[in-house]
**Student:** 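Dumping the structure here so I can ask a few things about it.
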Amino acid sequence: MRWSQTLIPTMKETPEGAEIPSHVLMLRAGLISQLMAGAYTYMPLGLRALKKAERIVREEMDAAGAVELLMPALTPISLWEQTGRVQAFGDVLIQFAVRRQNRKVQMALGPTHEEVITDLVARHVSSYRQLPLTLYQIQTKFRNEERPRFGVLRTSEFLMKDAYSFDTSVEALGRSYEKMYAAYCRIFDRCGLAYLPVEAESGPIGGDASHEFMIPAENGEDTVVHCKACGYAANLERAEIGARAPSTVDVELKPVQKVPTPGAGTIAQVCNFLGCKPDQMIKTLIYLADGKPVAVLIRGDHEANENKIRRAAGAGSIQLAEPGVIQRVTGAPVGFAGPVGLKEKLPVLADYDIQFVRNGITGANEADAHLTGVSPTRDFQVEKYADLRSAQDQDPCPRCSAKLSMRHAIEAGHVFKLGTKYSEALGAKFLDAQEQLRPIIMGCYGIGINRIIASLVETNNDAGGILWPVALAPYEVLVVPMKASDEATMKTAERLHDELSAAGVDVLMDDRDQRPGVKFKDADLIGIPLRVVVGERGLKQGQLEVKWRWDAELQMIDAATAVTTIADWIRQERAGGQRFKNRISSACHPTTTLSNKGVES
RNA sequence: CGGGAUGUAGGGUAGCGGCUGACCCACGUGCCCUGGGAGCACGGAGACGCAGGUUCGAGUCCUGCCAUCCCGACCA
């Protein structure tokens, strides 16, 4: 392809509004163009990268035995009503009615396709002999995001690979799941992404039923907890915390005292008022566990983790109580609850760290007052101690004794054991060998194709622009004739371009009559892995100057054999991307140098 | 959905209530140049987001709306 014949609108300046590297660079390199908030056009260069990612995903899905199909983006609303997900999705589901003759048809744009695929399988699969089966598609998904942001990382319309497995038993589901898990590792590895599979919050099946594939990145929206010593990795909702160390056990217990704290209803305000530190505070949260109030005690410097609380309370759902309920059970307005002298008798759950609090400070269960000198056991009783808070940096690892570290990450993939939720709701049943009718056991597996591209750019760039691995690069080789007006130069460049194309290499030739500075800057910006400069300098000696985008130094190669040399290199890079991986860790952001082998299972 | 900000040419910006709205980049034409975003000259492109209002006079002040961005909440 010739630069002059395609559309690559590069920008010297950063458009207003773009802040994170991937957004800035994708815009500046002419990969994407914004149509509205959360909707981007993929320009020719961006589309090529997207297609490469799509192809890798497709190849690995096929290799793992999954079978591709394509479902409509348009779905009947009735399907979503049957699984109760009209409410579950709420405004995220884009739905509308269209007129057909004299009636109205309610439909929704698919935000995901569990309902559609389950309905499909229910229609066509009825015997254990047809299972196991894993189906996938690569399709545009629609979600009315409350707040699209970060360029292409969070949009209302995005390309997703979604796969669904159908099995006859939980054990068989485990095998399907492992295949997908392994395929995901290969996909992210081939894309040259430093990824981290983390344990994620799982649904009804429990255990290791869900993993997210995270790309550590400063601007990621998710937080993962990672133990560098043993490899334990989990997302923040899920991460367990190892044994807590008692810090202040041998302290003389002081008497409980009521102190006035007018208007101080938050941890920060109370600390400010009383001159104490958050870790002396006992935060008392009133939750409704399946509708019944429970008190939850968390140290002031910790964050409550609702999933952990829900599990500890043995409840199906949990939510913070309304102010009215809080007033009723504590006798005080929001902000002054405490475990001592609650108005109503209710179960008290406490995080493990609470047991080590001595002379703590907590709400007095009356407006504008707190209690000091409060200690567990002596002053209040706890029904159950449990792990109820979210992990923090430096917390002990649950698997080994090392310290956990926290890092931001982009969720690029998710594998999930669904069980029978959808098959039961939509009647996807099969007859087993004993002639018993049973619901099919499902798993679902998603990958955000756009996020592969965005997170690659986000984590692989330098001051000049993007650093693509060959596997995802829009073009593999960029031929740069130094002087477009020079006939000999152009002839060599054209020949190189044509022969490389013929050899199956994706070549872009910058045939614009621009000064060298412009071409070099653009070359760095769009980040094509191998740059071949055709200039007078080398031409005289029968040499071409080549440079990997991630290398500082350039090398000269023989012009006569250049095509085979380059084609060989590109083939090697496609296979493993070894040059890219070797160099990238030192050339790029230090935050992305995490190893690729965080795989545990 | 709460909080904050911004809207001036394709991009980036300046613009004090007062004449025909300024600059840089990009774009077009010509000259010149061709190894890291050159130079000169000429030129095209804007009813200053939209609608009201205040004023003798509004890009500038006020109100509403719309749009975009950021922080937070939400995110099977």
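Every chain is numbered from 1 and lettered A, B, ... according to where its sequence line falls, protein lines coming before strand lines.
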**Student:** Is the shortest distance from a Lys or Arg side-chain nitrogen in A:Arg123 or A:Asp119 to a carboxylate oxygen in the other one below 4.0 Å?
**Tutor:** yes
**Student:** Are A:Gln34 and B:rC69 close enough that a side-chain N or O sits under 4.0 Å from OP1 or OP2?
**Tutor:** yes
**Student:** Could you tell me whether A:Glu114 contacts a base, only the sugar-phosphate backbone, or nothing, with contacts defined as non-hydrogen atoms closer than 4.0 Å?
**Tutor:** nothing
**Student:** Quick one: which of B:rA73, B:rU34, B:rG11 gets closest to the side chain of A:Pro516?
**Tutor:** B:rU34
**Student:** Look at the aromatic rings of A:Tyr195 and A:Phe188 and report parallel, tilted or perpendicular, splitting at 30° and 60°.
**Tutor:** tilted
**Student:** Reckon A:Ser485 touches a base, only the sugar-phosphate, or nothing at all at heavy-atom distances under 4.0 Å?
**Tutor:** base
**Student:** Taking the side chain of A:Arg28 as its heavy atoms from C-beta onward, which of B:rG37, B:rC70, B:rG35 lies nearest to it?
**Tutor:** B:rG37
**Student:** As a check on the pairing definition, encode RNA chain B in dot-bracket form, counting Watson-Crick and G-U wobble pairs whose two distances are under 3.5 Å, and using | for partners outside this strand.
**Tutor:** (((((((..((((....[...)))).(((((.......))))).....(((((..]....))))))))))))....
**Student:** Closer than 4.0 angstrom, basic N to acidic O: yes or no for A:Glu424 and A:Lys429?
**Tutor:** no
**Student:** Is there a ring pair (Phe, Tyr, Trp, His ring centres under 6.0 Å) between A:Tyr181 and A:Phe213? Walk through the geometry before answering.
**Tutor:** CA-CA 9 Å; A:Tyr181 186 105; A:Phe213 284 76; 5.3 Å; yes
**Student:** Classify A:Ala37 by what it touches in the nucleic acid, base, sugar-phosphate, or nothing, heavy-atom distance under 4.0 Å.
**Tutor:** sugar-phosphate
**Student:** Pick the P atom in B:rA47 and in B:rU54, then give their distance to the nearest Å.
**Tutor:** 26 Å
**Student:** With a 3.5 Å cut-off and heavy atoms only, can you find an N or O donor on one side and an acceptor on the other between the side chain of A:Glu545 and the base of B:rG35?
**Tutor:** yes
**Student:** Scan A:Val518 against the nucleic acid and name what it touches under 4.0 Å (heavy atoms): base, sugar-phosphate only, or nothing.
**Tutor:** base
**Student:** Quick one: label A:Asp486 by what it contacts on the DNA or RNA (base, sugar-phosphate, nothing), any heavy atom closer than 4.0 Å.
**Tutor:** nothing
**Student:** Considering only B:rC27, B:rG36, B:rG72, which nucleotide approaches the side chain of A:Arg149 most closely?
**Tutor:** B:rG72
**Student:** Classify the nucleic acid contact of A:Met490 as base, sugar-phosphate or nothing, counting any heavy atom under 4.0 Å across all strands shown.
**Tutor:** nothing
